[in-house]
Amino acid sequence: VATGERTQIGRIQILLNQTRPPETPIERQLGTMGDQLVLMCGGVCGVVFFIGLLRGYGVLQMMRMAISLAAAAVPEGLPAAATINFALGITRMRKHKVLIRHLQAVETLGAVQALCMDKTGTITRNQMTVTRVCSGEACYGVDAGRLSTEAGTVDALENDALAQLLAACALCHEIKINGQDDNGQVKLCGSATETALVQLAIDAGLDVRQMKKDYPRLTISHRAERRLYMSSLHRRPDGGRLVCIKGSPPEVLAMCDREAIDDRILDLSDERRLAIIAENEKMAAGALRVLGFAYNPLSDGEDLKESGMVWLGLVGMMDPIREGVGPLIDVFHHAGIDTVMITGDQSTTALAVAEELKIAGDDPIDILDSADLSAMDPEALIALAKKAHVYSRVSPAHKLKIVQALQSAGVVVAMTGDGINDGPALKAADVGIAMGKTGTDVARDVADVVLEEDNLETLILALEDGRSIHGNIRKSVHFFLSTNISEIMIMTTALGLGIGFPLNVMQLMWINIISDIFPGMALSMEAAETGVMDRPPRDAGAPLFSGSDFARMTRESATITGGAMAAYGYGIARYGLGRAATSLAFQSLTIGQLLHALSCRSEHTSMFKGRDLPPNPYLNVAIGGSLALQALTMVFPPLRAALGLVAPGVLDVAVIAGTSLAALVLNDAAKTESNLDRKNNHPPLKDA
């Protein structure tokens, strides 16, 4: 008897309270990039301010200009674009019966590198059925509740040892009997394993209800982390007591010194022990969950002890693997995601299931048992975590250790589960995935993702969507940064050359607030590119953009800036320094930035070469609307006056169009060449 933290549920709750969900990869990446932007903004303010002072401009004028440029460097539309991305992903997943409980989880799915799967209830249906029973020196097949040998069907109750084994199945459990269903079948409520055992006793002809009355339970001791068996103490009708035990066959067998064979109780010889262990290994190798049973009758005054037991036999149960899980494992491996199976079964059973599913692909399967986990140094576990494919006989604390060890090894971990004991690991994982139908309230409450139909195939859709969302965030940020940098470049270049300011403060605000935001947000609504699941998961520890990415954005910004400077130079040559020249620079730069959104749709596909990109009507509307607003700045006098512009002539319009389109063509052509090199040097998928 225990209460609070001393109970098994209490211990799991303590683990839950002590576990903190990790920061998502996108939060880390955006945080890093935010720090970089702050430093860049500070640098821009300082450089522009001092160059302007050296050129003879006033302090107040340069302060206004420097602050405006600093504001231009910050991608104002990024938070909205990221949030829209997450929200759209959640909506799409809802249609596939996948419930995303935390906003960023849908993106984190795209970074998953290892998928830890709880076997029972996730890989399997959690619908246990007894298929084999061994008692004494005989083994029996079980079909529809009937025991049989090669000679034919057997009446289990006519064999004393077999009847005693079935009686232990009927007594050592916590199943509740809730009447009968419409077909007259007894309704059992409890765990799948114990339900299968009690159903076996009922099918064999035992009156389980009457047995519970004749042998009332006095105490019960549950399976624990260092106690891989369950025992129950009952009052016998003659006034004595009876101890029943079920659990890990080796541990139960170690407590026995006698064996029930037919109608006799014999000493348990070493030869018989080896034979029982061999049969256990054989059954487990057939992917059966195997339990050993023993009992010990005690006189009324005899001390309770779990030794000197009488061995009753082995019971093997089959939990069918969910349909489609095998091919699904192949899909995960093809996407570069390692699969790890975690189970409470003994090693032999776990290995048989893992081999059937090809959990390690074509590689040999590495398996770790809970006995090894408990004694292992944390640093050694971290080193082994990336190599192990199967963990057997684990407890809730072990599951948490496994997830945290993988994370310490730099792996982004998704954990699937359905039970209360999966709660701590689900909460600690980068993405916790719970079963919606068969899952417990605890599992669903702490999970980031809930598969409402318990269909693992929908997880593939979620992973694909997560990768697409990360790609779309990159596209939006790419557009925002490359266009914003071009504004800084044109102002700094002109100031350094001593040819005035190509843009005034109002024009800078127009570009940032009106022109850039809508195309950038529309880029976040791109459909998934072909082959997104053919690439390995990204390195979650890497920043959102690498040094080469920033170099590419700088080159693209320089190209857009070059076009705008060409228009500005033409304006100076024709009209001199003044509003006419700045009008040309403003129109060329703004339209060049809007057209650049078309080039940002893909890092791998050119606008002019390669396969067609999926349509994005949102981007068409955003660019079309922004261009329409930009046209108003040319033809609507009040707006021209507010922005300090003049109406362009026919030749001016041709210069604006030519410089804007030239920047688009040059940037897309450069992207094609660089991506051809990247394609030829694409890293292979990591070994599963």
With a 3.5 Å cut-off and no angle check, do the side chains of [X] and [Y] form a donor-acceptor pair?
X      : Y      : answer
Ser486 : Gln593 : yes
Thr483 : His596 : no
Asn512 : Glu487 : yes
Thr559 : Asn667 : yes
Glu526 : Asn616 : yes

Calculate, to the nearest 0.5 Å, the distance between atoms [atom1] and [atom2] belonging to [X] and [Y] respectively.
X      : Y      : atom1 : atom2 : value
Leu619 : Leu598 : CG    : CG    : 6.0 Å
Gln404 : Ile382 : CD    : CD1   : 10.0 Å
Phe518 : Leu629 : CZ    : CG    : 8.0 Å
Leu595 : Leu627 : CG    : CG    : 6.5 Å
Phe332 : Thr339 : CZ    : OG1   : 8.5 Å
Ile460 : Asp465 : CD1   : CG    : 12.5 Å

Next item on the list: List the steps and the verdict of side chain to side chain contact (heavy atoms under 4.5 Å, CB included) for Val655 and Ser588.
Entry: CA-CA 8 Å; Val655 169; Ser588 175; over 6 Å; no

Check: Yes or no on side chain to side chain contact (heavy atoms under 4.5 Å, CB included) for Asn472 and Leu523, after CA distance, side-chain angles and deciding distance?
Finding: CA-CA 6 Å; Asn472 287 348; Leu523 281 170; over 6 Å; no

Margin query: For Phe49, is the CZ atom crowded, meaning more than 12 foreign heavy atoms sit under 6.0 Å from it?
Written below: yes

Checklist line | More than 12 heavy atoms of other groups within 6.0 Å of Tyr618 OH | finding: no

Donor-acceptor pair, distance only, cut-off 3.5 Å: does the side chain of [X] make one with the backbone of [Y]?
X      : Y      : answer
Asp338 : His333 : no
Thr492 : Met489 : no
Ser482 : Phe479 : yes
Arg640 : Met634 : yes
Ser476 : Gly520 : yes
Arg467 : Arg535 : yes
Arg101 : Val450 : no
Thr493 : Ile490 : no
Thr633 : Gln630 : yes
Gln407 : Ala428 : yes

Where [X] and [Y] come nearest, the two heavy atoms and their spacing:
X      : Y      : result
Tyr568 : Ala494 : CE2-CB, 4.4 Å
Ala443 : Ala434 : O-CB, 3.5 Å
Asp448 : Ala429 : OD2-O, 4.3 Å
Leu584 : Gly571 : CD1-CA, 3.4 Å
Ala111 : Pro537 : O-CB, 4.1 Å
Asn504 : Leu643 : ND2-O, 3.1 Å

Notebook entry, point to check: Restricting to pairs with a member in residues 484-507, which pass ring-ring contact (aromatic ring centres under 6.0 Å, His included), not counting sequence neighbours?
Noted result: Tyr57-Phe501

Sub-4.5 Å side-chain heavy-atom contact between [X] and [Y]:
X      : Y      : value
Met533 : His334 : no
Ile591 : Ile656 : yes
Gln507 : Leu589 : no
Ser524 : Lys475 : no

Next item on the list: Please report the C-alpha distance between Val449 and Met93 in whole Å, then the side-chain angles of each, then the deciding distance to 0.1 Å, and finally whether the side chain to side chain contact (heavy atoms under 4.5 Å, CB included) criterion is met.
Entry: CA-CA 10 Å; Val449 179; Met93 287 298 95; over 6 Å; no

Next item on the list: Could you walk me through whether Asp652 and Gln587 pass the side chain to side chain contact (heavy atoms under 4.5 Å, CB included) test, one step at a time?
Entry: CA-CA 10 Å; Asp652 296 337; Gln587 299 294 355; over 6 Å; no

Next item on the list: Apply ring pair (Phe, Tyr, Trp, His ring centres under 6.0 Å) to Phe86 and list each qualifying residue two or more places apart in sequence or on a separate chain.
Entry: none

Next item on the list: Report the residues that fulfil salt bridge (Lys or Arg N to Asp or Glu O under 4.0 Å) with Arg94, sequence neighbours left out, ordered by chain and then residue number.
Entry: Glu452

Item checked: Option among Leu456, Val431, Leu459, Ile329 that satisfies the side chain to side chain contact (heavy atoms under 4.5 Å, CB included) test with Leu115 -> Leu459

